[in-house]
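Just below is one structure, and these are the notes that go with it.
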There are 2 protein chains.
Amino acid sequence: MNISQAAKLSGLSVKTVRYYADIKMVEPARNIQSGYRSYSNDDVAKLNFIGKARRFNFSIEECRELLSLYQDKNRSSKEVKKLTLAKIASIDEKLKEFHSLRDELSHLVNCCNGDDRPSCPILDELSK
Amino acid sequence: MNISQAAKLSGLSVKTVRYYADIKMVEPARNIQSGYRSYSNDDVAKLNFIGKARRFNFSIEECRELLSLYQDKNRSSKEVKKLTLAKIASIDEKLKEFHSLRDELSHLVNCCNGDDRPSCPILDELSK
DNA sequence: TCTTTACATTCCAGTAACTGGAGACTTTAT
DNA sequence: ATAAAGTCTCCAGTTACTGGAATGTAAAGA
């Protein structure tokens, strides 16, 4: 199938699918006449896999790792679990950051009367 | 003072401080002989301000806005509050995303025995 | 004073993961 | 036959820096 079909089936944009071909993550066959990329169902499955992994916040490099594990029928689940646990830990980090950020900002907003006078605790805090 | 001093006082890297000069956010005076950037206490205050705002996840463009409000003695607190509320909303968005991401991943990890056998619910889920 | 060392400058390239657009070619539909 | 839609490659831009090379200046020690 052509790239737009593959894109539609995998829920990715054509640009993104082409990008994944460029970086050799999913390299489709080529139609010899037209030079068009020709995607198999297998290629689409990989695109799907990558799309999901990206939505799970795995980086492209991590996706590459996962993909090779995915394609290796003899792989163990240990490595995948390790990778995923590390990912969870980094998400926890981010969560902590964002929570404290949110708390600080909402505290500041609550102190700010938000009228037309120049007094503003948010800016005051920022400039301390 | 020289750039490294300003960097130290503001808690930013020299590269970053130079970058902020390049993009005309904090433009220090110049020593005519040497061509070295010469930072005033006021410049350092601005750097501090920007550093904090960046840590609060404001973008460079938003920092520019805040900085101009900060430097405008006649500004109202309304605009700042508006900007900050919008920022909180976007943080809430991110928090929601990360929470559900975390939940999904930890669910998968709990299902995965993590041994040397190829069976792995994480990859199974990814490939669905 | 000379020299070494530390600090400064500019400019170019690279990061992550795409996205947008130009110009050219192919396929499909009318 | 022609027009519209799809595809190709290649280049540039995004965000907010970071790293490095080549070069110039300043400060400290012998």
Side-chain angles (χ1 to χ4, degrees), chain A residues 1-40 43-44 46-67 87 90-91 94 97 101, chain B residues 1-40 43-44 46-67 87 90-91 94 97 101:
Chain A
M1 69 190 83
N2 278 348
I3 194 167
S4 60
Q5 181 76 10
K8 185 177 279 173
L9 287 178
S10 61
L12 302 171
S13 77
V14 169
K15 276 281 188 186
T16 299
V17 173
R18 202 175 278 127
Y19 173 70
Y20 288 161
D22 288 348
I23 64 173
K24 292 160 198 316
M25 201 139 78
V26 178
E27 292 184 277
R30 292 283 186 150
N31 180 318
I32 298 181
Q33 265 97 278
S34 63
Y36 284 15
R37 291 176 180 84
S38 174
Y39 287 83
S40 67
D43 291 331
V44 171
K46 282 189 214 169
L47 288 173
N48 255 310
F49 182 95
I50 296 163
K52 280 225 183 112
R54 291 284 304 126
R55 258 167 272 135
F56 276 112
N57 243 53
F58 287 98
S59 73
I60 288 288
E61 278 320 301
E62 287 168 326
C63 286
R64 247 189 248 277
E65 277 185 76
L66 286 170
L67 197 59
K87 182 54 55 181
S90 87
I91 289 173
K94 279 248 175 289
E97 268 178 56
L101 196 55
Chain B
M1 68 191 83
N2 278 348
I3 194 166
S4 60
Q5 180 77 10
K8 184 176 279 174
L9 287 178
S10 60
L12 302 172
S13 77
V14 169
K15 277 281 189 187
T16 300
V17 173
R18 204 175 276 127
Y19 173 71
Y20 289 162
D22 287 349
I23 64 172
K24 294 163 197 315
M25 200 140 78
V26 178
E27 292 185 277
R30 293 281 185 151
N31 180 317
I32 298 179
Q33 265 98 279
S34 63
Y36 284 14
R37 291 176 180 83
S38 174
Y39 287 83
S40 67
D43 290 331
V44 172
K46 283 189 214 170
L47 287 173
N48 257 311
F49 182 94
I50 295 164
K52 281 227 179 113
R54 291 285 303 127
R55 258 168 272 134
F56 276 110
N57 242 52
F58 288 98
S59 73
I60 290 287
E61 278 319 301
E62 287 169 326
C63 285
R64 245 189 249 278
E65 278 184 76
L66 285 170
L67 197 61
K87 184 53 58 182
S90 86
I91 290 173
K94 280 247 174 289
E97 268 178 56
L101 197 53

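All values derive from a computational prediction rather than experimental measurement. The chains referred to below are lettered A, B, ... by the order of the sequence lines, with proteins before strands, and numbering in each begins at 1.
The minimum heavy-atom distance between B:S10 and B:A6, with the atom names listed, is OG-O, 2.8 Å.
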Throw together a table of side-chain donor-acceptor distances under 3.5 angstrom for residues 27-34 of chain B, partners on residues two or more places apart or in other chains.
residue: B:R30; atom: NH1; partner: B:G35; partner atom: O; Å: 2.9
residue: B:N31; atom: OD1; partner: B:Q33; partner atom: N; Å: 2.9
residue: B:N31; atom: OD1; partner: B:S34; partner atom: N; Å: 3.2
residue: B:S34; atom: OG; partner: B:Y36; partner atom: N; Å: 3.1

Got a list of side-chain donor-acceptor pairs under 3.5 Å for residues 17-25 of chain B, not counting sequence neighbours?
none

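With sequence neighbours excluded, the residues forming a salt bridge (Lys or Arg N to Asp or Glu O under 4.0 Å) with B:R64 are B:E61, listed by chain and number. Every residue two or more places apart in sequence or in another chain that forms a side-chain contact (heavy atoms from CB on, under 4.5 Å) with B:S13 is listed here: B:K15, B:T16.
Taking 4.5 Å as the limit, every side-chain heavy atom of A:K8 sits out of range of all side-chain heavy atoms of A:V14. Side-chain contact between B:Y39 and B:L9 is absent, with no heavy-atom pair separated by less than 4.5 Å. Here the side chains of B:V44 and B:M1 are in contact, with some heavy-atom distance below 4.5 Å.
Residues from residues 10-34 of chain B that place a heavy atom under 4.0 Å from any atom of DNA chain C, listed by number: B:R18, B:R30.
A nucleotide of DNA chain C counts as in contact with chain A when one of its atoms lies under 4.0 Å from a heavy atom; the first and last such, 5' to 3', are C:dA17 to C:dT27.
Of the two residues contacting DNA chain D, namely A:S4 and B:E61, the nearest-nucleotide position lying further toward the 5' end is that of A:S4.
In this structure, the CD atom of B:Q5 is 15 Å from the C1' atom of D:dA27, given to the nearest Å.
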